[in-house]
Student: 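Following this message is one structure expressed as structure tokens.
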2 protein chains.
Amino acid sequence: MELKKLIAEQGIRCSIEKGTRVFSQGDESEYVYLVEQGLLKAFYVTANGKETIKSFIQPHSIIGSLNAAHCQTPCTFSLEAIEPSFLIRFPFSQLLKASERSLTISQEVIQILLGLALKKERREFELLTLSATERFENLKNAEPALIEKLTQNDIAKYLGITPVALSRIKNQ
Amino acid sequence: MELKKLIAEQGIRCSIEKGTRVFSQGDESEYVYLVEQGLLKAFYVTANGKETIKSFIQPHSIIGSLNAAHCQTPCTFSLEAIEPSFLIRFPFSQLLKASERSLTISQEVIQILLGLALKKERREFELLTLSATERFENLKNAEPALIEKLTQNDIAKYLGITPVALSRIKNQ
DNA sequence: GTGTGGCATTAACCTATGTTAAAATTTCAA
DNA sequence: TTGAAATTTTAACATAGGTTAATGCCACAC
């Protein structure tokens, strides 16, 4: 892919220790990040301190706060490494500029955004129509390998329930 | 906008009566629709017959089942007119082809997809972190005019609760 | 006007999930 | 190997929202 090549060649590599943040909710960040290795979580912290996980980020995906990168507002979520990770960071504006110059790159951006929209739509569907138990079953089926690497705490925060509720669900 | 011009010039106009569907969950549909006038709802019906509303569609927006249009799978939701509506339908594949030929159009597609992704992200945030009461407050603030046109039934289905629960919330 | 059908409200009861806290288990560093 | 910290489980109780059903409220056709 042209786009990933561009990012790999011109982006800045960074190594993130387990438990460390790439950026925090409220920060300004004009970057997108290409994950080369590792595992991260993107999460919100609400006013009353509750944490909920938006998504887990695995190698080869591109992540960044669209709000921050595109609308020049603060990041709406934080990004933290669950395992030691290697990322390449690249300014979002440069990515858009590259897409203005090259049809190949703009096609790739379209494909990435389509994929993102499809993923968000599935998540919306699950949150809107399924019970916590059903969402947990779905996750187990879709990402069995991922679940092995996560704490129950993080799985619960992703499902939108408490670890206590997840423990109950697991024992029927 | 080049893209909307293209759709307006080459798409097929259709008039949809109130209560009538543009397409139904399970259909194949390779189209996207540009809404010229009216108001529609995009909704899921679950296995046990429960209806939940994904989004309300107002004039100037573009709507279609990404899954069906892009992945050649059946539509994941139905689209129905809440008010008499006028749409223009246009094959999604032609839209992608146009974006392969023209940098202007591909930029517009990117902007539309970015907007969609941002909207879905906000919805995901609300479903994940807010209570039904808070989601209702948010909707009232964000779309006061829209709320006037909707039945309580449809508002409830959009919030992910029952009309009974919404009635309770309204009286504190 | 009168009746019919679709909303909206109310009430009583039910269930899933939250909250708090304590106990059990695992992990890991010294 | 041991102890401290983190994670998971369990239990008891609280609460939001679901379910069902009865009632009230309109709007519209006749």
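Here is the naming used below: chain letters follow the sequence lines, and residue numbers restart at 1 for every chain.
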Student: Tell me whether B/Lys97 is salt-bridged to B/Glu100, with the criterion being a basic N under 4.0 Å from an acidic carboxylate O.
Tutor: no
Student: If each of A/Thr162 and B/Thr151 is mapped to the nucleotide of DNA chain C with the nearest heavy atom, which maps nearer the 5' terminus, i.e. the 5' end?
Tutor: B/Thr151
Student: Rounded to whole Å, please give me the gap between CZ in A/Arg168 and P in D/dA14.
Tutor: 14 Å
Student: Starting from C1' on C/dT17, measure out to NZ on A/Lys157 and report it in whole angstrom.
Tutor: 17 Å
Student: Decide, yes or no, whether a salt bridge links A/Arg135 with A/Glu126 under the criterion of side-chain N to carboxylate O below 4.0 Å.
Tutor: no
Student: What is the distance, rounded to the nearest whole Å, between atom CG of B/Asp154 and atom C1' of C/dA8?
Tutor: 14 Å
Student: Measuring from B/Ile105:CD1 to B/Ile112:CD1, what's the distance to the nearest 0.5 Å?
Tutor: 10.0 Å
Student: Take the protein atom CG of B/Leu166 and the nucleotide atom C1' of C/dT10, then report the distance between them rounded to whole Å.
Tutor: 14 Å
Student: Going by atom types alone, do B/Asp27 and B/Ser29 pair a side-chain donor with an acceptor below 3.5 Å?
Tutor: no
Student: Would the B/Phe125 and A/Tyr44 ring centres measure less than 6.0 Å apart?
Tutor: yes
Student: Which of these nucleotides, C/dT10, C/dT17, D/dG17, is closest to any side-chain atom of B/Ser131?
Tutor: D/dG17
Student: Give a yes/no answer on whether the side chain of A/Gln152 brings an N or O atom under 4.0 Å of OP1 or OP2 in D/dT9.
Tutor: yes
Student: Using the side-chain heavy atoms of A/Asn171, tell me which of these nucleotides is nearest: C/dT17, C/dT9, D/dT10.
Tutor: D/dT10
Student: Are any of the side-chain nitrogens in B/Glu80 or B/Lys18 under 4.0 Å away from the carboxylate oxygens of its partner?
Tutor: no
Student: Considering the terminal five base pairs at each end of the helix from C/dG1-D/dC30 to C/dA30-D/dT1, what angle separates the two local helix axes, rounded to 10°?
Tutor: 40°
Student: Between C/dA21, D/dT19, C/dT17, spot the one nearest the side chain of A/Val164, thanks.
Tutor: C/dA21
Student: Compare the minimum distances between each of D/dT10, C/dA8, D/dG17 and the side chain of A/Ser167, then state the nucleotide with the smallest one.
Tutor: D/dT10
Student: Nearest-Å distance, CG (B/Leu130) to C1' (D/dA16)?
Tutor: 15 Å
Student: Considering only side-chain heavy atoms of A/Lys170, which listed nucleotide, D/dG18, C/dT9, D/dT9, is closest?
Tutor: D/dT9
Student: Rounding to a whole Å, what distance do you find between B/Ile147:CD1 and C/dA8:P?
Tutor: 12 Å
Student: Starting from P on D/dA16, measure out to CD1 on B/Ile161 and report it in whole angstrom.
Tutor: 13 Å
Student: Send over the distance from A/Ile82 CD1 to D/dT7 P, rounded to a whole Å.
Tutor: 12 Å
Student: Ignoring hydrogens and angles, state whether a donor on the side chain of B/Glu134 or B/Ser131 is under 3.5 Å from an acceptor on the partner side chain.
Tutor: yes
